[in-house]
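Structure, as structure tokens:
Since this is a predicted model, take the numbers as computed values, not measurements. Within every chain, numbering begins at 1; the chains are lettered A, B, ... in the order of the sequence lines, protein sequences first and strands thereafter. Side chains included, hydrogens not; waters and symmetry mates left out as well; all remaining heavy atoms used.
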Protein chains: 2
Amino acid sequence: MSAVLETRTGKGEATRERILEIAEASVLAKGFGATSIDEVIAEAGLTKSGFFYHFKDKNALAREMVRRYVATNDRLFDEIFARGHQLSDDPLQAFLISLKLLAETMGDLPNGHPGCLIASICYQERLFDREVRELMAQSVRGWNARFRNILDGIALVHPPREPVDLDDLADMLSCVIDGGIIMSKSLNDQSRLERQILLYRSCIKLMFAAPPAS
Amino acid sequence: MSAVLETRTGKGEATRERILEIAEASVLAKGFGATSIDEVIAEAGLTKSGFFYHFKDKNALAREMVRRYVATNDRLFDEIFARGHQLSDDPLQAFLISLKLLAETMGDLPNGHPGCLIASICYQERLFDREVRELMAQSVRGWNARFRNILDGIALVHPPREPVDLDDLADMLSCVIDGGIIMSKSLNDQSRLERQILLYRSCIKLMFAAPPAS
DNA sequence: GAGAAACCGTACCATGAGTGCAGTTTTGGA
DNA sequence: TCCAAAACTGCACTCATGGTACGGTTTCTC
């Protein structure tokens, strides 16, 4: 199931990677339906036959794109939350640090966040087979569970000041990111995403941090 | 500029409306690029000539779709926030009531929220001309300004407990809705959107409501 | 140097956007 | 009731794109 993640050595793997990268950029800019294979292969410098040697059809391309996107994203999250954990032993502080890092990372992207592939697919679901849709749902569940775990750790040490559903609060991070990306893109203002993540961070602080001595 | 909003009486207007409704559903399910005119006209029961009688090309269709969507959404917001205002004189309470109404409205949709047209377009921006993109940006700015106005009114009466950027907090509602829609769709769980709006409501309460007597 | 991997070339089909235009029905108003 | 405009139909195109099929060629690896 995860043999895909092994690093293959052949030259073909480099071509595959190139195709996936170009296709992802195109999908995020025009959508999957409007992403033409001809354009992709032109930019990748190979022929249609070459493309279909690597991918059985467009849906196979979509599957690999999602796998690649999820893997990349997971790696980023691993890094950022590990870093937070290194910098503080307190789970709340660690999370707050990680959120700050995440916000900075998003704000420092050269041309703004290119877009969330999951969101793109979700707005074109009828184009994909069950496998792609299942892959997408699974990855979202994975991210939510990851955030929920962190919140659980925090709640043990810092009981929330008001009753709050930790599942919803975990979901909210993904929502804020996806919404922030959309707002950044539609207003052509990169800072919105960063600021939304920082605002989510403020909410977390308000929910868990002890009130100032009064 | 806004002559479009006049209610035209002709039979043609009904056909236009039918086309727009069918096209919107298709765009939200498959994306604009994959929405075929042939399919739309088949469902609407007219010919290609008939379609092009109403819309010069696909981009004209997109423009009218956005105008229609924004108008519908604005009407919904008008209603919901007016209702909140009727039920409480306190701006904070009125907003909290409206958010609850909004959450319920979203949760009670027969088949879940069909999707945000702005988000869909924003993930296929390269397909649209400047006019459509400008229309989209303008509508987002409009919604943000509306929410910002409400928050201003609240902050006058209830100074926030921690320094918070009201612009960001206003943006956050749109973000949470867009993100909630995506999460609802990708997990096929209608309740997520409703719960995200309620969580945003909790955050507002935490930010502005006086702390319980201590 | 043999076999597998990674391609290229070409021909072909179906679908979809969009154009052009002549002809027909429907509708609202004088 | 009739007329003109509105709201279409029908047909005949063009061009781009997704996708299939298949035989041939280069390139890498052992």
Side-chain angles (χ1 to χ4, degrees), chain A residues 3-4 6-27 29-65 120-121 124-129 131-132, chain B residues 3-4 6-27 29-65 121 124 126-129 131-132:
Chain A
V4 178
E6 303 167 14
T7 309
R8 297 181 216 170
T9 54
K11 176 195 169 199
E13 194 56 18
T15 306
R16 274 174 80 88
E17 196 59 25
R18 209 166 67 249
I19 293 174
L20 287 171
E21 203 176 317
I22 293 168
E24 182 177 315
S26 174
V27 167
K30 311 194 299 179
F32 188 75
T35 290
S36 89
I37 296 183
D38 282 340
E39 271 182 36
V40 171
I41 62 179
E43 204 176 328
L46 81 167
T47 63
K48 201 178 258 196
S49 315
F51 175 87
F52 284 105
Y53 171 77
H54 288 289
F55 303 98
K56 180 175 151 278
D57 53 26
K58 250 183 136 187
N59 250 300
L61 174 69
R63 269 195 300 274
E64 294 308 312
M65 277 177 51
S120 174
I121 287 177
Q124 310 179 45
E125 34 170 15
R126 284 278 117 71
L127 297 181
F128 303 95
D129 54 31
E131 201 181 332
V132 173
Chain B
V4 178
E6 305 168 13
T7 308
R8 298 183 216 172
T9 53
K11 176 194 170 200
E13 194 55 19
T15 306
R16 274 173 81 88
E17 196 58 27
R18 208 166 68 249
I19 292 174
L20 287 170
E21 201 175 319
I22 294 168
E24 182 177 316
S26 174
V27 167
K30 312 192 301 179
F32 187 75
T35 290
S36 88
I37 295 181
D38 283 338
E39 271 181 37
V40 172
I41 61 178
E43 205 176 327
L46 82 168
T47 63
K48 201 178 261 198
S49 314
F51 175 88
F52 283 104
Y53 172 77
H54 287 289
F55 303 98
K56 179 176 152 279
D57 52 25
K58 248 183 137 188
N59 249 301
L61 174 69
R63 269 195 300 274
E64 294 309 313
M65 278 177 52
I121 287 176
Q124 309 179 47
R126 283 279 116 73
L127 297 181
F128 302 95
D129 55 32
E131 200 180 333
V132 173

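- Protein atom CZ of A/F51 is 11 Å distant from nucleotide atom P of D/dT20, rounded to whole Å.
- Here the CD1-NE2 distance, from B/I19 to B/H54, works out to 5.0 Å after rounding to the nearest 0.5 Å.
- Atom C1' of nucleotide C/dC7 and atom CD of A/E13 are separated by 15 Å, given to the nearest angstrom.
- Counting all heavy atoms, side chain and backbone alike, A/F128 lies closest to A/A62 at CE2-CB, 3.6 Å.
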Stepwise side chain to side chain contact (heavy atoms under 4.5 Å, CB included) check, B/L61 with B/L20 = CA-CA 7 Å; B/L61 174 69; B/L20 287 170; 3.8 Å; yes
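- Atom-to-atom, CZ of B/F55 to P of C/dT19 comes out at 15 Å; the value is rounded to the nearest Å.
- In this structure, CZ in A/F52 is found 9.5 Å from NZ in A/K58, a value given to the nearest 0.5 Å.
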Polar atoms only, N or O, under 3.5 Å: list the protein pairs with nucleotides 22-24 of chain D and their distances.
none

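- Once rounded to the nearest 0.5 Å, the distance linking OH of A/Y53 with OG1 of A/T15 reads 10.0 Å.
- Between B/H54 and D/dC8 there is a side-chain N or O to OP1 or OP2 distance below 4.0 Å.
- Here C/dT19 presents its C1' atom at 17 Å from NZ of B/K58, a figure rounded to the nearest Å.
- Distance A/L61 CG to D/dG19 P: 9 Å, rounded to the nearest Å.
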Would you list the protein and nucleotides 12-14 of chain D atom pairs, both N or O, that sit under 3.5 Å from each other?
none

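- Applying the side chain to side chain donor-acceptor pair (under 3.5 Å) test to pairs two or more places apart or on separate chains, those with a residue in residues 32-44 of chain B are B/S26-B/T35, B/K30-B/E39.
- Of the possible polar contacts, one joining the A/D129 side chain to the A/V132 backbone as a donor-acceptor pair under 3.5 Å is found.
- Residues A/Q124 and B/Q124 meet the side-chain proximity criterion, which asks for heavy atoms closer than 4.5 Å.
- Within residues 17-26 of chain A, no residue places a heavy atom under 4.0 Å from DNA chain C.
- When the nucleotides D/dC8, C/dC7, D/dG19 are ranked by their closest atom to the side chain of B/L46, D/dC8 comes out on top.
- Between B/V40 and B/I37 the shortest side-chain heavy-atom distance does not fall below 4.5 Å.
- Nearest heavy atom pair, residue B/A34 against residue A/G33, reads CB-CA, 4.1 Å.
- For the atom pair CD of A/E131 and CZ of A/R63, the computed distance is 4.5 Å after rounding to the nearest 0.5 Å.
- Only A/T35, A/S36, A/I37, A/D38, listed by number, bring a heavy atom of residues 32-43 of chain A to less than 4.0 angstrom from any atom of DNA chain D.
- Across D/dC8, D/dT20, C/dG18, the shortest atom-to-atom separation from the side chain of B/Y53 is found for D/dC8.
- D/dA7 atom C1' lies 12 Å from atom CZ of B/R16, rounded to whole Å.
- Within the structure, salt bridge (Lys or Arg N to Asp or Glu O under 4.0 Å) pairs that include any residue of residues 17-27 of chain B comprise B/E17-B/R68, B/E24-B/R68 (at least two apart or interchain).
- Straight-line distance from the CZ atom of B/F52 to the C1' atom of C/dG18: 5 Å, rounded to whole Å.
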